[in-house]
Participant: 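The structure under discussion is supplied below as structure tokens; questions concerning it will follow.
Side chains included, hydrogens not; waters and symmetry mates left out as well; all remaining heavy atoms used. Throughout, a chain's letter reflects where its sequence line sits, starting with A, and its residues are numbered from 1.
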There are 2 protein chains.
Amino acid sequence: MTIRVSEAEKSVMDVLWQESPLSSLEVVEKLQSQEWSEKTVKTFLNRLVKKGVVSFEKDGRRYLYSPAIEREEFLADESEGFLDKVFKGNMKELLATFVENKQLSQNELDYLKGLLDDNKSDRESSDVK
Amino acid sequence: MTIRVSEAEKSVMDVLWQESPLSSLEVVEKLQSQEWSEKTVKTFLNRLVKKGVVSFEKDGRRYLYSPAIEREEFLADESEGFLDKVFKGNMKELLATFVENKQLSQNELDYLKGLLDDNKSDRESSDVK
DNA sequence: TTAAATTGATTACAGGTGTAATCTTTAACT
DNA sequence: AGTTAAAGATTACACCTGTAATCAATTTAA
């Protein structure tokens with residue numbers, strides 16, 4: 001069962017994944033572009049702690065927050081959910097949609113090809129066992 | 001500004017994209033696996049009509065519903081949003097996450113390679129202009 | 001023609017989310 | 001030691017969503 005983190009809360013997680021631990025005010029600062037009041041950001045931090053995806057340590061009167069889950073794990077979960085919910089698990093269609101609509105740069109194309117080659121050799125070596 | 005369609009509503013859209021027009025009861029039938037009451041499904045249809053993403057024509061006492069937006073367009077929108085919100089627009093990371101976590105089948109790998117080749121030749125021929 | 005059944009419309013309601021304001025506690029300054 | 005200011009905790013509130021039940025209109029059956 002996947003952890004539920006809302007859109008706005010995700011922005012907070014992104015900040016903490018970039019750097020942690022941070023005080024609430026430091027998080028607010030890093031989210032300036034969102035134009036959220038300090039109160040709003042603190043609400044999000046609170047909810048994230050309650051959801052168990054952010055932890056904190058006390059530092060005098062304030063808390064220093066850190067992510068309690070790994071970004072990679074979270075992204076994998078979200079991606080899985082997206083694939084299932086939007087594309088009904090049809091990976092080929094998902095990939096086609098991204099590749100066709102986003103006009104990947106040559107750089108991105110090369111990168112992806114590299115990924116595919118790595119993936120294939122992984123499979124070969126493990127399948128052979 | 002993107003159209004907001006909830007998870008449950010998306011299931012209804014999927015049914016209508018597969019076949020339309022359909023009466024509400026036909027939609028209910030096709031959603032049996034979801035175990036939603038007929039009332040619930042009708043609520044979703046109503047909301048979708050209000051959101052302007054489903055249209056209907058009268059057929060005697062009942063309505064026949066159809067999608068008012070194209071599936072491909074919708075998927076592209078959702079994918080764009082997912083890329084931005086979850087991966088902050090980082091396409092390479094998104095692709096890496098899918099490729100690495102999903103253990104693509106050989107079939108899917110070949111398909112993706114084909115997509116990449118097509119994409120590259122598109123780019124070359126148009127770039128040369 | 002009246003009653004029953006069906007269909008869509010309206011209303012309901014709890015939990016999540018965006019967006020804060022207010023309350024409470026306690027560290028810190030005087 | 002007492003007062004204050006800042007940090008977190010609690011409360012607020014409207015809108016969305018999942019999940020229906022009830023209302024109203026109308027078709028159909030008796």
Side-chain angles (χ1 to χ4, degrees), chain A residues 1-16 20-66 68 78 81-82 84-86, chain B residues 1-16 20-66 68 78 81-82 84-86:
Chain A
M1 173 248 12
T2 308
I3 308 141
R4 202 96 292 264
V5 175
S6 80
E7 262 351 285
E9 289 163 1
K10 253 172 245 176
S11 308
V12 174
M13 291 305 291
D14 277 331
V15 166
L16 292 175
S20 75
L22 292 178
S23 71
S24 66
L25 284 192
E26 287 171 325
V27 173
V28 169
E29 229 176 280
K30 303 223 173 205
L31 285 170
Q32 276 182 330
S33 56
Q34 304 285 142
E35 299 190 23
W36 281 321
S37 106
E38 166 222 345
K39 302 299 191 180
T40 300
V41 175
K42 287 186 177 183
T43 297
F44 295 151
L45 282 168
N46 240 288
R47 289 180 180 168
L48 288 167
V49 168
K50 277 194 185 134
K51 289 181 183 185
V53 294
V54 162
S55 62
F56 63 86
E57 39 175 326
K58 288 191 182 168
D59 171 48
R61 64 174 155 287
R62 58 194 197 150
Y63 289 0
L64 295 184
Y65 299 89
S66 300
E78 293 274 303
F82 177 73
D84 287 348
K85 289 183 303 186
V86 176
Chain B
M1 176 249 8
T2 309
I3 306 140
R4 203 96 292 264
V5 175
S6 81
E7 262 352 284
E9 288 163 2
K10 252 172 246 178
S11 309
V12 174
M13 291 306 291
D14 277 332
V15 167
L16 292 176
S20 74
L22 293 177
S23 71
S24 65
L25 283 192
E26 286 170 326
V27 173
V28 169
E29 229 175 280
K30 302 223 171 200
L31 285 171
Q32 275 182 330
S33 55
Q34 303 286 141
E35 299 189 24
W36 281 321
S37 103
E38 166 222 346
K39 303 296 189 180
T40 299
V41 175
K42 287 188 177 182
T43 297
F44 295 151
L45 282 168
N46 240 287
R47 289 180 180 168
L48 288 167
V49 168
K50 278 195 186 136
K51 290 181 182 186
V53 294
V54 161
S55 62
F56 64 87
E57 40 175 324
K58 289 190 183 168
D59 171 47
R61 62 176 157 290
R62 57 194 199 147
Y63 289 0
L64 296 183
Y65 299 89
S66 300
E78 293 274 303
F82 178 73
D84 287 348
K85 287 183 304 186
V86 177

Participant: Is there a donor on the side chain of A/Thr43 or the base of C/dA20 sitting less than 3.5 Å from an acceptor on the other?
Facilitator: yes
Participant: A/Arg62 has an atom CZ; how far is it from atom C1' of C/dA28, in whole Å?
Facilitator: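 Spelled out: CZ on A/Arg62 to C1' on C/dA28 is 14 Å.
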Participant: Could you label the plane-to-plane angle of the B/Trp36 and B/Phe44 rings as parallel, tilted or perpendicular, counting under 30° as parallel and over 60° as perpendicular?
Facilitator: perpendicular
Participant: Would you mind classifying the nucleic acid contact of A/Ser24 as base, sugar-phosphate or nothing, using non-hydrogen atoms under 4.0 angstrom?
Facilitator: sugar-phosphate
Participant: Quick check on DNA chain C: between A/Gly60 and A/Glu7, whose nearest nucleotide comes earlier from the 5' end?
Facilitator: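 The 5'-side residue here is A/Glu7.
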Participant: Rounded to whole angstroms, how far apart are CZ on B/Phe44 and P on D/dT19?
Facilitator: 6 Å
Participant: Look only at the side chain of A/Lys85 and the backbone of B/Glu7, and say whether a donor-acceptor pair between them is shorter than 3.5 Å.
Facilitator: no
Participant: Pick base, sugar-phosphate or nothing for B/Glu38, based on heavy-atom distances below 4.0 Å to the nucleic acid.
Facilitator: nothing
Participant: Without swapping roles, check the side chain of B/Ser20 against the backbone of B/Leu22 for a donor-acceptor pair under 3.5 Å.
Facilitator: no
Participant: Between B/Lys58 (NZ) and C/dT7 (P), how many Å, whole number?
Facilitator: 15 Å
Participant: Any side-chain N or O of A/Trp36 under 4.0 Å from OP1/OP2 of C/dA20?
Facilitator: no
Participant: Determine whether a donor-acceptor pair (one donor, one acceptor, N or O, separation below 3.5 Å) exists between the side chain of A/Arg47 and the base of D/dT11.
Facilitator: no
Participant: Please determine if a side-chain N or O atom of A/Arg61 lies less than 4.0 Å away from the OP1 or OP2 oxygen of C/dA28.
Facilitator: yes
Participant: Base, sugar-phosphate alone, or nothing: which one does A/Lys51 contact when heavy atoms must sit under 4.0 Å apart?
Facilitator: sugar-phosphate
Participant: Would you please confirm or rule out a distance under 4.0 Å between OP1 or OP2 of C/dA9 and any side-chain N or O of B/Asn46?
Facilitator: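 For C/dA9, OP1 or OP2 has a side-chain N or O of B/Asn46 closer than 4.0 Å.
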Participant: Determine the contact category for A/Phe56: base if any of its heavy atoms lies under 4.0 Å from a base atom, sugar-phosphate if only primed atoms, P, OP1 or OP2 are that close, otherwise nothing.
Facilitator: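 The residue A/Phe56 makes no contact with any strand.
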Participant: Rounded to the nearest 0.5 Å, how far apart are CG of B/Leu45 and OG1 of B/Thr40?
Facilitator: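 Separation between the atoms: 11.0 Å.
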Participant: Which whole-number value in Å describes the distance from A/Leu45 CG to C/dG18 C1'?
Facilitator: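 Rounded to whole Å, this separation is 15 Å.
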Participant: Using whole Å, what does the distance between atom P of nucleotide C/dT17 and atom CE of A/Met13 come to?
Facilitator: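 It works out to 14 Å between those atoms.
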Participant: With heavy atoms under 4.0 Å as the rule, sort B/Thr40 into base, sugar-phosphate or nothing.
Facilitator: base
Participant: Without decimals, in angstroms, what is the distance between B/Lys85 NZ and C/dT17 P?
Facilitator: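 Rounding to the nearest Å, NZ of B/Lys85 and P of C/dT17 are 12 Å apart.
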Participant: With distance as the sole criterion, do the side chain of B/Lys39 and the base of D/dT19 form a donor-acceptor contact below 3.5 Å?
Facilitator: no
Participant: Please report, rounded to the nearest Å, how far the P atom of D/dA20 is from the CD atom of B/Glu35.
Facilitator: 10 Å
Participant: Contact class for B/Ser6 vs. all strands (heavy atom < 4.0 Å): base, sugar-phosphate, or nothing?
Facilitator: sugar-phosphate
Participant: Identify whether any heavy atom of B/Lys50 sits under 4.0 Å from a base atom; if not, whether one sits that close to sugar-phosphate; answer base, sugar-phosphate or nothing.
Facilitator: nothing
Participant: Whole angstrom is fine here: how far is it from CG in B/Leu48 over to P in D/dT19?
Facilitator: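 In whole Å, D/dT19 P and B/Leu48 CG are 15 Å from each other.
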Participant: Please check: side-chain N/O of B/Glu26 versus main-chain N/O of B/Ser23, any donor-acceptor pairing under 3.5 Å?
Facilitator: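 Yes; judged by distance alone, with no hydrogens or angles, the pair exists.
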Participant: Indicate, with a heavy-atom threshold strictly under 4.0 Å, whether B/Arg4 touches base, sugar-phosphate, or nothing.
Facilitator: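 Contact class for B/Arg4: sugar-phosphate only.
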Participant: Indicate the ring-plane relationship of B/Tyr63 and B/Phe56, choosing parallel, tilted or perpendicular according to the 30° and 60° boundaries.
Facilitator: parallel
